[in-house]
Amino acid sequence: MITNPTPQRSLRGHQPQRPSHRTAISSGYVAQLATRLTERDRWLARMLYEHRVLTTHQIVEMAWPSVRAANLRLLRLYRWRLIDRFQPFVTYGTAPMHYVLDIAGASMLAREDGLELRDLNYRHDRATGIAYSLHLAHTVGTNGFFSALITRSRHPDTTGQLTAWWSETRCARHFGDIVRPDAYGLWHEHSPTPCAFEWFLEFDFDTERPDRLGRKLAGYAKLAATTGITTPVLVWVPTARREAPVRRALTAASANLDDPTLVPVATSSADFLDGQDNDPVAARWQPLDVRQPSTRRLRLAELNRAWPYLSPPGNPSNDPAQASGAVASDLLPLSPLPPGPSDRRPQR
């Protein structure tokens, strides 16, 4: 059947006009850009610097009221070179757009903190290079875990909120000589009983043997002995079928430690609770205790009860960065929760 072909003129659409690299890092352009940005735009730029890549879905659930509103704003930020974007190829369907920090955004962050661009150790080719990284899916999955916590924190009926989220890169700067967790988080529960719970995340994508995952506990035990801070380790696996061998490997590794209480461990799988959007706060975490095995699943805020000997987080002596003796990083960690609506409309 012959159909009407697409007119040739429709195949000649122009790409959005974007400033050149030289223009985007100039002081004049960055000063002009600063007048157009809202606090939420600046928050997004810092989140992309900290966590490398975020998808459209994650950005929407963290900070925007709708997909349409987010896409309109993200397109404008892309044209201004605050952010850059790419869309990975998938065999079936269409992957969401992935966003990274662009050169103008990095220049703006450096100037806001009184730094030079080179102090951020930022390179545009390295930022966009994650599109071809073998760790892209793992990074996106880890960020999705915490974007779900931010979404829960913004819900009107929430009883707690995420108050800290460190990336793998920041964790490596502080603890990399001993252990390299995928992320660090701190959750504050407000009711019915106020409490705080901090943890290291091991996001498992079924890409390594369970015994190799178990061998990581020795590093966490060394970190706890060195810093004097016992920080639980939460292991997130893709399926319940994967969780069983992982728990066996973790149990064997924990039993071989001189003091298993230095590394409290809990596990959960992405398919454990159907229809709850993989809510990490829900009663899905099963503590690993070789002395008193339990099949009961706990909420994130209830894990403190499983390990009553834990010190409450939040005191200066319990700050991971201070305890590890790490130097101050180039940019200080930001609040994972987005700022409220701006009081003024930014210039176009």
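In this text, all values refer to a predicted model and were calculated from it rather than measured experimentally. Position 1 is the first residue of the sequence, and the numbers go up from there.
Judged by the 6.0 Å distance and 45° axis criteria, Arg40 is positioned over the aromatic ring of Trp64. Because its NZ or CZ atom is both nearer than 6.0 Å to the ring centre of Tyr78 and within 45° of the ring axis, Arg85 counts as a cation-pi partner of that residue.
Among all heavy-atom pairs drawn from Phe272 and Ala283, the shortest one is CE2-O, 3.7 Å. Counting all heavy atoms, side chain and backbone alike, Val246 lies closest to Pro210 at CA-CB, 4.1 Å. The two atoms that bring Cys171 and Pro181 nearest to each other are CB-CG, 3.8 Å, heavy atoms only. Shown here for Ile25 and Arg111, the closest heavy-atom pair between the two residues is O-NH2, 3.4 Å. In plain terms, the two heavy atoms of Ala24 and Val30 that are nearest each other are O-CG2, 3.6 Å. Of all heavy-atom pairs spanning Arg81 and Pro19, the tightest one is CD-O, 3.0 Å.
At least one donor-acceptor pair closer than 3.5 Å links the side chain of Tyr29 to the backbone N or O of Trp80. Proximity of a side-chain donor or acceptor of Ser254 to a complementary backbone N or O of Thr251 within less than 3.5 Å is not detected. A donor-acceptor pair is defined here as one N or O able to donate and one able to accept, closer than 3.5 Å; no such pair exists between the side chain of Asp113 and the backbone of Leu115. Side-chain atoms of Thr158 never come within 3.5 Å of backbone atoms of His155 as a donor-acceptor pair (strictly under, hydrogens ignored). Of the possible donor and acceptor atoms, none in the side chain of Asp279 sits under 3.5 Å from a partner among the backbone N and O of Ala148. Without hydrogens or angle criteria, Asp119 side chain to Glu116 main chain gives a donor-acceptor distance under 3.5 Å. Looking only at distances, no side-chain donor or acceptor of Arg79 sits under 3.5 Å from a matching main-chain atom of Gln17.
A salt bridge between Arg36 and Asp41 is absent, with no side-chain N of the basic residue lying under 4.0 Å from a carboxylate O of the acidic one. Taking a cutoff of 4.0 Å between a charged side-chain nitrogen and a carboxylate oxygen, Asp271 and Arg242 do not qualify as a salt bridge. Electrostatic pairing of Glu243 and Arg297 counts as a salt bridge here, judged by a charged N lying under 4.0 Å from a carboxylate O. Of the charged side-chain nitrogens involved, at least one lies within less than 4.0 Å of a carboxylate oxygen, so that Arg18 and Asp102 count as a salt-bridged pair. Look at Arg299 and Glu189 and you find a salt bridge, because one of the NZ, NE, NH1 or NH2 atoms lies within 4.0 Å of a carboxylate O, short of that distance. Ion pairing of Arg46 with Glu112 is present here, as a side-chain N (NZ or NE/NH1/NH2) and a carboxylate O approach within less than 4.0 Å. One finds no salt bridge joining Glu202 and Arg180 here, because no Lys/Arg side-chain nitrogen approaches an Asp/Glu carboxylate oxygen to under 4.0 Å.
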_Verdict with reasoning, Ser269 to Val237, per side chain to side chain contact (heavy atoms under 4.5 Å, CB included)_ = CA-CA 5 Å; Ser269 60; Val237 298; 3.7 Å; yes

*Trace of the side chain to side chain contact (heavy atoms under 4.5 Å, CB included) decision for Leu120 with Tyr49*: CA-CA 9 Å; Leu120 295 186; Tyr49 173 79; 4.1 Å; yes

*Do Leu162 and Leu186 pass the side chain to side chain contact (heavy atoms under 4.5 Å, CB included) test, and can you show the C-alpha distance, the side-chain angles, and the key distance before you say yes or no?*
CA-CA 6 Å; Leu162 183 69; Leu186 176 61; 5.8 Å; no

*Could you walk me through whether Gln286 and Arg247 pass the side chain to side chain contact (heavy atoms under 4.5 Å, CB included) test, one step at a time?*
CA-CA 10 Å; Gln286 184 176 3; Arg247 286 185 63 85; 3.7 Å; yes

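Separation of the Tyr220 and Phe200 ring centroids falls under the 6.0 Å cut-off. In summary, the aromatic rings of Trp165 and Tyr184 are positioned with their centroids too far apart to meet the 6.0 Å limit.
Ring-plane geometry between Trp307 and Phe197 is classed as parallel, the angle between the planes falling under 30 degrees on a 0 to 90 degree scale with a further cut at 60. Ring-plane geometry between His138 and Phe205 is classed as perpendicular, the angle between the planes exceeding 60 degrees on a 0 to 90 degree scale with a lower cut at 30. Relative ring orientation between Phe175 and Trp166 is described as parallel, the plane-to-plane angle staying below 30° on a 0-90° scale split at 30° and 60°.
Around CG of Asp258, the count of heavy atoms belonging to other residues, nucleotides or ligands within 6.0 Å does not exceed 12. Enclosure of atom NE2 in His190 by more than 12 non-hydrogen atoms of other residues, nucleotides or ligands within 6.0 angstrom is indicated. The environment of CZ in Arg241 is sparse: at most 12 heavy-atom neighbours from other residues, nucleotides or ligands sit within 6.0 Å. Sparse packing is recorded around CZ of Arg305, with 12 or fewer heavy atoms of other residues, nucleotides or ligands lying under 6.0 Å away.
Here Leu262 contributes atom CG and Leu223 contributes atom CG; the two are 10.0 Å apart, rounded to the nearest 0.5 Å. The line from CD1 of Ile103 to CG of Leu117 is 4.5 Å long, rounded to the nearest 0.5 Å. With rounding to the nearest 0.5 Å, the separation of CG in Leu250 from CZ in Arg215 is 12.0 Å. Interatomic distance, Phe146 CZ to Leu201 CG, rounded to the nearest 0.5 Å: 5.0 Å. The distance from the CG atom of Asp182 to the OG1 atom of Thr142 is 4.5 Å, given to the nearest 0.5 Å. Taking CZ from Arg123 and OG1 from Thr128, the interatomic distance works out to 10.0 Å, rounded to the nearest 0.5 Å.
Side-chain contact between Met47 and Ile150 is present, with heavy atoms from C-beta onward closer than 4.5 Å. Two residues are said to be in side-chain contact when any heavy atoms from C-beta on lie closer than 4.5 Å; Thr94 and Gln87 meet this criterion. Looking at heavy atoms from C-beta onward, Glu198 lies in side-chain contact with Ile229 at the 4.5 angstrom threshold. Side-chain contact between Glu39 and Leu44: absent, with no pair of heavy atoms (C-beta onward) separated by less than 4.5 Å. For the pair Leu288 and Thr267, the minimum side-chain heavy-atom distance is 4.5 Å or more. The shortest distance between side-chain heavy atoms of His57 and Ile59 does not fall below 4.5 Å. In this structure, the side chains of His174 and Arg170 come closer than 4.5 Å at one or more pairs of heavy atoms. Thr261 has its side chain out of reach of Thr230: every pair of non-hydrogen atoms, C-beta onward, lies at least 4.5 Å apart.
Linking ILVMFWY side-chain heavy atoms closer than 4.5 Å, directly or via other members, places Leu72 and Tyr99 in two distinct hydrophobic clusters. Under the 4.5 Å side-chain contact rule for hydrophobic residues, Leu77 and Val53 do not share a cluster. Hydrophobic clustering (side-chain heavy atoms under 4.5 Å, transitive across Ile, Leu, Val, Met, Phe, Trp, Tyr) keeps Val90 apart from Phe86. Cluster membership for Val100 and Leu136, using ILVMFWY side-chain heavy atoms within less than 4.5 angstrom, is shared. In the hydrophobic clustering of ILVMFWY residues, with side-chain heavy atoms under 4.5 Å counting as a link, Ile130 and Phe203 come out apart.
Counting only N and O atoms by type, the side chains of His98 and Thr55 include no donor and acceptor under 3.5 Å apart. Side-chain contact of Asn121 with Arg126: a donor-acceptor pair under 3.5 Å is present, judged by distance alone.
The only member of Gln58, Glu61, His51 that meets side chain to side chain donor-acceptor pair (under 3.5 Å) when paired with Ser147 is Glu61.
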